[in-house]
Participant: 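Here's a structure for you.
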Protein chains: 2
Amino acid sequence: MDVDARKRLPLFPIGIVQRLTGLSARQIRYYEQHELVHPARSEGNQRLFSFVDVERLLEVRTLLDEGLNMAGVKARLAKRQNRRRSDSAELTDEQVYQHIRQGLLEPRTPSGVSEFQGDLFRFYRKH
Amino acid sequence: MDVDARKRLPLFPIGIVQRLTGLSARQIRYYEQHELVHPARSEGNQRLFSFVDVERLLEVRTLLDEGLNMAGVKARLAKRQNRRRSDSAELTDEQVYQHIRQGLLEPRTPSGVSEFQGDLFRFYRKH
DNA sequence: CAGGCCATGTCAGGTTTCCTTACATAAGCC
DNA sequence: GGCTTATGTAAGGAAACCTGACATGGCCTG
């Protein structure tokens with residue numbers, strides 16, 4: 001499984017994203033309204049943000065600081081978009097969750113104690 | 001900032017952790033009660049789990065599958081604990097949040113467009 | 001300068017998610 | 001059979017989130 005699938009996994013409620021980005025909930029929702037981010041939703045309709053979403057919000061904030069308006073930011077981000085989109089197989093979120101759950105069913109140390117080398121670990125360490 | 005600080009950052013509510021681990025909320029709280037995990041709490045007393053917590057829960061699940069009981073799991077995990085605990089400077093969660101927020105205020109590409117190399121990126125990629 | 005627009009703040013009313021506590025139960029063990 | 005252990009489930013309440021509406025300060029622009 002590539003890193004992208006994990007980066008796109010819906011993980012954070014808006015409250016955490018506020019702390020990660022320094023943006024207010026109002027700002028985040030406003031940016032979504034203007035299609036600068038597209039967080040997933042829980043069954044109960046609550047926003048769930050991925051790492052990609054958070055990164056994007058950090059970029060939005062930077063571009064706004066530079067004096068761009070909503071449309072300007074959107075255009076800037078759209079450009080980048082073209083340099084990506086070269087993904088391989090798509091996975092559903094549930095498949096990624098499942099994969100992570102099985103992360104520790106993999107190789108162990110001689111002592112039999114896991115060494116934390118499950119798939120989850122690759123969230124922050126490129127093995 | 002080392003990776004550990006990010007791994008310990010309180011990020012996930014229990015609902016997400018359920019999906020990441022395949023455990024029920026009841027199980028997760030029960031394990032906490034038996035001191036197998038120690039999630040942080042929000043101001044409103046809601047549990048907030050870090051990557052370390054999630055990894056730990058995945059381990060707990062594995063060990064339980066192997067037939068250990070609460071005490072057994074705790075003992076096993078305690079052993080590993082001794083191999084760690086060689087950390088350097090401690091940072092408060094708020095400091096880590098702040099650092100992440102400034103992630104995109106760093107170097108840019110010649111085009112002026114960020115290349116996503118902020119600190120957040122190191123959650124899953126060891127630069 | 002008056003009038004607009006844009007980005008954000010704030011409040012209200014309602015829903016979802018989470019909290020603790022308590023009771024129920026299946027499985028394993030003496 | 002009668003414990004203990006791990007888990008399910010329900011109740012009542014609190015926290016966090018949702019949408020929609022209105023308010024406002026800063027900036028243009030005529």
Side-chain angles (χ1 to χ4, degrees), chain A residues 9-50 53-54 56-77 93-94 97 101, chain B residues 9-50 53-54 56-77 93-94 97 101:
Chain A
L9 203 57
L11 291 175
F12 313 115
I14 200 168
I16 294 293
V17 176
Q18 286 186 64
R19 291 205 270 182
L20 286 172
T21 63
L23 297 168
S24 70
R26 180 66 165 97
Q27 286 175 302
I28 296 168
R29 295 190 187 114
Y30 188 69
Y31 302 158
E32 180 189 21
Q33 198 179 333
H34 286 264
E35 304 192 287
L36 303 185
V37 273
H38 305 281
R41 296 283 181 141
S42 73
E43 290 189 8
N45 196 39
Q46 311 219 168
R47 269 166 270 255
L48 289 178
F49 297 78
S50 68
D53 294 325
V54 173
R56 212 177 158 82
L57 285 170
L58 287 171
E59 281 212 304
V60 168
R61 200 196 48 169
T62 299
L63 294 175
L64 287 178
D65 284 350
E66 290 177 6
L68 297 187
N69 62 9
M70 291 294 111
V73 172
K74 189 174 178 183
R76 266 293 204 47
L77 293 179
D93 291 338
E94 191 48 41
Y97 281 128
R101 278 180 221 138
Chain B
L9 203 57
L11 293 174
F12 315 114
I14 199 168
I16 293 293
V17 176
Q18 286 186 65
R19 290 205 271 183
L20 285 172
T21 62
L23 297 167
S24 69
R26 179 67 164 98
Q27 285 175 303
I28 296 168
R29 296 190 187 112
Y30 188 69
Y31 301 158
E32 181 190 21
Q33 198 179 334
H34 286 264
E35 304 192 286
L36 304 184
V37 273
H38 305 282
R41 296 283 181 140
S42 72
E43 289 190 9
N45 195 39
Q46 312 220 168
R47 271 167 268 254
L48 289 177
F49 297 79
S50 68
D53 293 325
V54 174
R56 212 176 158 84
L57 285 170
L58 286 170
E59 281 211 305
V60 168
R61 199 196 51 169
T62 299
L63 294 176
L64 286 178
D65 285 350
E66 289 177 8
L68 297 188
N69 61 10
M70 292 293 112
V73 172
K74 189 174 177 183
R76 266 292 204 48
L77 293 178
D93 291 338
E94 191 47 42
Y97 283 127
R101 277 179 220 141

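Heavy-atom basis, side chains included; hydrogens, waters and symmetry copies ignored. In what follows, chains carry the letters A, B, and so on, assigned in the order in which the sequence lines appear, proteins first and then strands, with residues in each chain numbered from 1.
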Participant: Check the distance between dC19(C)'s C1' and Phe49(B)'s CZ and give it to me in whole angstrom.
Facilitator: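 That distance rounds to 12 Å.
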Participant: Measure the spacing between CG of Leu57(A) and OG1 of Thr62(A) and express it to the nearest 0.5 Å.
Facilitator: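 Between atom CG of Leu57(A) and atom OG1 of Thr62(A) there are 10.5 Å.
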Participant: Rounded to the nearest Å, what distance is computed from the CZ atom of residue Arg61(B) to the C1' atom of nucleotide dA6(D)?
Facilitator: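 Answer to the nearest Å: 16 Å.
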Participant: How long is the span from the CZ atom in Phe49(B) to the NE2 atom in His38(B), to the nearest 0.5 Å?
Facilitator: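 Spacing of CZ (Phe49(B)) from NE2 (His38(B)) equals 11.5 Å.
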Participant: Quick one: pull up CD1 in Ile28(B) and CZ in Arg61(B) and give me the separation to the nearest 0.5 Å.
Facilitator: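 Atom-to-atom, Ile28(B):CD1 and Arg61(B):CZ are 11.0 Å apart.
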Participant: What's touching nucleotides 6-8 of chain C from the protein side, N or O pairs under 3.5 Å?
Facilitator:
residue, atom, partner, partner atom, Å
dA7(C), OP1, Met70(A), N, 2.9
dA7(C), OP2, Tyr30(A), OH, 3.1
dT8(C), OP1, Gln27(A), NE2, 2.9
dT8(C), OP1, Tyr31(A), OH, 3.0
dT8(C), OP2, Tyr31(A), OH, 2.8
dT8(C), O4, Arg26(A), NH2, 3.0

Participant: State which residues pass side-chain contact (heavy atoms from CB on, under 4.5 Å) with Asn69(B); sequence neighbours excluded, sorted by chain then number.
Facilitator: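 With sequence neighbours excluded, Asn69(B) shows a side-chain contact (heavy atoms from CB on, under 4.5 Å) to Ala71(B), given in chain and number order.
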Participant: Is any side-chain N or O of Arg41(B) closer than 4.0 Å to OP1 or OP2 of dT20(C)?
Facilitator: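 Looking at the OP1 and OP2 atoms of dT20(C), one of them is under 4.0 Å from a side-chain N or O of Arg41(B).
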Participant: Write down the atom of Leu48(B), the atom of Pro13(B), and the distance for their closest heavy-atom approach.
Facilitator: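 Looking at all heavy atoms of both residues, the shortest contact is CD2-N, 4.3 Å.
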Participant: For Arg47(A), check side chain to side chain donor-acceptor pair (under 3.5 Å) against everything at least two apart and list the hits.
Facilitator: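 If we apply the side chain to side chain donor-acceptor pair (under 3.5 Å) test to Arg47(A), skipping adjacent residues, the hits are Glu32(A).
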Participant: How close or far is atom C1' of dT7(D) from atom CD of Glu32(B), stated in whole angstroms?
Facilitator: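 Distance check: Glu32(B) CD to dT7(D) C1' gives 16 Å.
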Participant: Less than 3.5 Å apart, which donor and acceptor atoms pair up between the side chains of residues 14-22 of chain B and the rest of the protein, not counting sequence neighbours?
Facilitator:
residue, atom, partner, partner atom, Å
Thr21(B), OG1, Val17(B), O, 2.7
Thr21(B), OG1, Leu23(B), N, 3.1

Participant: Going through the distances and angles, do Val73(A) and Tyr31(A) end up as a side-chain contact (heavy atoms from CB on, under 4.5 Å)?
Facilitator: CA-CA 10 Å; Val73(A) 172; Tyr31(A) 302 158; over 6 Å; no
Participant: Determine to 10° how strongly the helix from dC1(C)-dG30(D) to dC30(C)-dG1(D) is bent, judged from the axes of its five-pair ends.
Facilitator: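 Here the local axes at opposite ends form an angle of 20°.
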Participant: For Ser42(B), enumerate each residue passing the side chain to side chain donor-acceptor pair (under 3.5 Å) test, keeping only those at least two apart in sequence or located in another chain.
Facilitator: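 Partners of Ser42(B) by the side chain to side chain donor-acceptor pair (under 3.5 Å) criterion come out as none, since no residue qualifies.
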Participant: Heavy atoms only: give me the nearest Arg56(B)-Leu36(B) pair and the separation to one decimal.
Facilitator: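 Closest heavy-atom pair between Arg56(B) and Leu36(B): NE-O, 2.5 Å.
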Participant: What residues, two or more places apart in sequence or in another chain, satisfy ring-ring contact (aromatic ring centres under 6.0 Å, His included) together with His34(B)?
Facilitator: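 His34(B) satisfies ring-ring contact (aromatic ring centres under 6.0 Å, His included) with Tyr30(B) once adjacent residues are dropped.
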Participant: Give the rounded distance in Å between these two atoms: CG of Leu57(B) and P of dT7(D).
Facilitator: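 To the nearest whole Å, that distance equals 12 Å.
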Participant: Would you tabulate the nitrogen or oxygen pairs shorter than 3.5 Å linking the protein to nucleotides 27-30 of chain D?
Facilitator:
none

Participant: Which distance, rounded to the nearest 0.5 Å, do you find between the CG of Leu11(A) and the CG of Leu11(B)?
Facilitator: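 Between Leu11(A) CG and Leu11(B) CG, I get 8.5 Å after rounding to 0.5 Å.
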Participant: What pairs of nitrogen or oxygen atoms, one from the protein and one from nucleotides 13-17 of chain D, lie under 3.5 Å apart?
Facilitator:
residue, atom, partner, partner atom, Å
dA15(D), O4', Gln46(B), OE1, 3.3
dA16(D), OP1, Ser42(B), OG, 2.9
dA16(D), OP1, Gly44(B), N, 3.4
dC17(D), OP1, Gly15(A), N, 2.8

Participant: Under the ring-ring contact (aromatic ring centres under 6.0 Å, His included) test, which residues partner Phe12(A), sequence neighbours left out?
Facilitator: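 Partners of Phe12(A) by the ring-ring contact (aromatic ring centres under 6.0 Å, His included) criterion, ordered by chain and then number, come out as Phe51(A), Phe12(B).
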